[in-house]
Structures are given as structure tokens and as C-alpha cells.
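Working notes for the structure below.
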Amino acid sequence: MKFLFVVNEAQFFLSHRLALGLEAKARGHEVVVASAANTGEERLSEHGLQHVSLPLSRSGFNLIEEFRVYRALCRLYRELNPHLVHHVTIKPVIYGSFAARRMGMGAVVNAVPGMGLIFSRRGWWSGLARASVNLMYRLAFSGLATKVIFQNTEDLKAFVAHGIVTRSDAILIRGS
């Protein structure tokens with residue numbers, strides 16, 4: 001089987017998901033990591049893992065650039081045709097879920113390691129941003145057979161309370 005991990009930065013995969021990738025590889029599966037370029041991907045090859053660069057930025061929002069990421073993910077899913085796609089962090093989860101649905105991906109796992117700064121800031125602009133992100137999550141997950149992994153109870157409860165994910169599709173783990 002072919003597993004594809006989509007993360008913001010290769011360094012994040014190395015520090016938080018490497019054990020998972022190595023276990024899949026040890027069981028005979030092909031493991032590919034997609035992330036932004038120049039984020040530590042050279043260390044992936046030391047572990048025998050493949051890397052694909054995406055035009056992904058960790059922060060900021062430029063509609064044209066974000067659409068480029070979505071298109072790159074659609075192309076990547078079509079070219080690799082992975083058996084399982086595992087998205088980690090906000091942009092890969094949202095854009096990757098939209099792309100996975102469009103490309104008819106069968107098995108999708110989304111990991112929300114934390115709600116991030118957007119959910120801790122106060123003020124009307126932050127409130128608008130939170131509402132927009134919640135809507136994007138809800139739209140991204142609708143019509144997609146996905147499981148969503150959370151690392152704390154509060155995030156899981158918030159996603160369920162806002163109707164973003166059903167409780168049966170939410171999984172709580174303790175840490176990465």
C-alpha cells in the first residue's frame with residue numbers, strides 16, 4: 001500500500017509523525033511525505049522516505065496562492081493514487097480534504113494537533129477568522145469519508161459542538 005502524509009513542513013513530520021511513517025515502511029508500505037520545500041526534507045531520505053514539494057506556506061492567506069496548493073494536491077493525488085492520505089495541521093487538512101473529495105480518495109485521516117493562534121486571539125477580526133475557518137472545516141469534511149484525530153478533549157468537543165465533525169468520526173489520542 002502507498003501512504004501519503006501531507007504536512008506544512010517536513011521538520012514537523014520528522015518531529016511528530018516519523019515513528020508512524022517508519023512503522024508503515026517497516027510493514028512493507030510505501031511512504032511519501034508532501035510538504036513545503038526547504039523545510040528539512042533532506043532528512044526524510046535518510047529514513048528511506050520519499051518527499052514531494054508543495055507550494056505551501058504555513059501562515060498567511062493569499063487566495064491565489066492557496067488555490068495553487070489545492071491544485072497541486074489534486075495533481076499529487078491523481079499521480080500517486082495513494083491508498084491512504086493523512087493530512088496534518090490546518091491548511092493540509094482543509095485543502096487536502098477538498099482535493100481528496102474531488103479526486104475520489106477512499107481513505108482519509110485528518111489530524112488537528114491544536115486549534116492554533118486563530119482560535120486563541122480575541123477581537124472582531126479574530127472572531128470572523130474563526131467563523132471562516134470553522135466553515136472551511138465543515139465544508140471540507142462534508143461528503144468525505146474521513147476520521148479526524150484530536151490531541152485534546154477541548155478541540156474535539158468544539159468541533160463536535162460546532163457540527164464540524166460527528167462524534168463517531170472523531171478520535172482522541174494523547175500526543176503525536
Quiz item: Looking at CG of Leu54 and CZ of Arg68, how far apart are the two atoms once the value is rounded to the nearest 0.5 Å?
Solution: 10.5 Å
Quiz item: Does Arg43 reach the main-chain N or O of Glu46 with its side chain, forming a donor-acceptor pair under 3.5 Å?
Solution: no
Self-check item: Audit row: Val160, Val165, side chain to side chain contact (heavy atoms under 4.5 Å, CB included) steps and yes/no
Solution: CA-CA 5 Å; Val160 171; Val165 67; 4.2 Å; yes
Quiz prompt | side chain to side chain contact (heavy atoms under 4.5 Å, CB included) between Thr89 and Val7, worked out | solution = CA-CA 7 Å; Thr89 67; Val7 297; 5.5 Å; no
Quiz item: Which of parallel (below 30°), tilted (30 to 60°) and perpendicular (above 60°) describes Tyr70 and Phe98?
Solution: perpendicular
Quiz item: Between atom CD of Glu23 and atom NE2 of His29, what is the distance when rounded to the nearest 0.5 Å?
Solution: 9.0 Å
Quiz item: Does any non-hydrogen side-chain atom of Val32 lie less than 4.5 Å from one of Pro82?
Solution: no
Quiz item: Can you find a heavy atom in the side chain of Leu22 that is under 4.5 Å from one in the side chain of His47?
Solution: yes
Quiz prompt | Nearest atoms (heavy-atom pairs only) where Ile171 meets Leu156 | solution = C-CD1, 4.2 Å
Exercise. Report the distance from atom CE of Met105 to atom NE2 of His83, rounding to the nearest 0.5 Å.
Key: 9.0 Å
Quiz item: Is the number of heavy atoms from other residues, nucleotides or ligands within 6.0 Å of CZ (Arg71) greater than 12?
Solution: no
Exercise. From the options Phe13, Phe5, Phe3, select the one residue that forms a ring pair (Phe, Tyr, Trp, His ring centres under 6.0 Å) with His86.
Key: Phe5
Quiz item: Which heavy-atom pair separates Val93 from Ala111 by the least distance, and what is that distance?
Solution: CG2-O, 3.5 Å
Exercise. Start with the C-alpha distance between Leu14 and Arg17, add both sets of side-chain angles, then the distance that settles side chain to side chain contact (heavy atoms under 4.5 Å, CB included), and finish with yes or no.
Key: CA-CA 6 Å; Leu14 289 162; Arg17 296 292 188 281; over 6 Å; no
Quiz item: How many angstroms lie between CD in Gln11 and NE2 in His16, if you round to the nearest 0.5 Å?
Solution: 9.5 Å
Practice problem: Output yes when a side-chain donor or acceptor of Thr146 lies under 3.5 Å from a complementary backbone atom of Val108, and no otherwise. | Solution: yes
Practice problem: Locate the shortest heavy-atom distance separating Ala99 from Cys74; write the atom from each residue and the value. | Solution: CB-SG, 3.7 Å
Quiz prompt | Main-chain N/O of Met103 paired to Arg78 side chain as donor or acceptor, under 3.5 Å | solution = no
Quiz item: Considering all heavy atoms of both residues, which atom of Thr39 and which atom of Ala10 are nearest to each other, and what is their separation?
Solution: OG1-N, 2.9 Å
Quiz item: Donor-acceptor pair, Ser15 side chain versus Phe12 backbone, under 3.5 Å?
Solution: yes
Practice problem: Could you check whether the rings of Phe141 and Tyr137 sit parallel, tilted or perpendicular, using 30° and 60° as the cut-offs? | Solution: tilted
Quiz item: So, the side chain of Lys25 versus the backbone of Leu20: is there a donor-acceptor pair under 3.5 Å, distance only?
Solution: no
Exercise. Would you give the length of the straight line joining atom OG of Ser57 to atom CG of Asn62, rounded to the nearest 0.5 angstrom?
Key: 8.5 Å
Self-check item: Flag, side chain of Lys91 to backbone of Leu56, donor-acceptor distance under 3.5 Å
Solution: no
Practice problem: Apply the test side-chain hydrogen bond (donor to acceptor under 3.5 Å, both in side chains) to residues His51 and Ser35: give CA-CA distance (whole Å), side-chain angles for both, the deciding distance (0.1 Å), then the verdict. | Solution: CA-CA 8 Å; His51 181 263; Ser35 71; 2.8 Å; yes
Exercise. Take Leu49 and Leu18 through the side chain to side chain contact (heavy atoms under 4.5 Å, CB included) test and state the conclusion after the steps.
Key: CA-CA 10 Å; Leu49 304 176; Leu18 179 60; 3.9 Å; yes
Quiz item: Is the His87 ring parallel, tilted or perpendicular to the Tyr77 ring (thresholds 30°, 60°)?
Solution: tilted
Self-check item: CZ on Arg138 to NE2 on His162, rounded to 0.5 Å
Solution: 8.0 Å
